[in-house]
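What follows is a single structure, written as structure tokens, with notes after it.
One-based numbering along the sequence shown.
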Amino acid sequence: MATRDTGGQQRSTRSREETDEVEASVDTEASERTKEVTDDVDSLLDEIDGVLEENAEEFVRAYVQKGGQ
């Protein structure tokens, strides 16, 4: 009976280690994905800033026209 308990604990420990590895992997993947999305959003915001700096008046006119329709 004691042998079964030890075997179960080993399985439980191994399973726990595997779970920790998977969680660490998921955390790393999520972190990388979050960084990619943040970089994409920053890039888009930079592009919008660039357009607004060059064509702010035209952008505002277009926005007002769309809003007034």
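With sequence neighbours left out, E29 forms a salt bridge (Lys or Arg N to Asp or Glu O under 4.0 Å) with no residue at all. Taking E47 as the reference, nothing meets the side chain to side chain donor-acceptor pair (under 3.5 Å) condition, with sequence neighbours excluded.
For the pair T38 (side chain) and T34 (backbone), a donor-acceptor distance under 3.5 Å is present.
The line from CG of D39 to CG of L44 is 12.5 Å long, rounded to the nearest 0.5 Å. Here the CD-CD distance, from E21 to E23, works out to 11.0 Å after rounding to the nearest 0.5 Å.
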**Message:** Under the criterion salt bridge (Lys or Arg N to Asp or Glu O under 4.0 Å), I'd like the reasoning laid out for E36 against R33: C-alpha separation, chi angles, the key distance, then a yes or no.
**Reply:** CA-CA 5 Å; E36 289 175 10; R33 180 70 182 136; 3.4 Å; yes
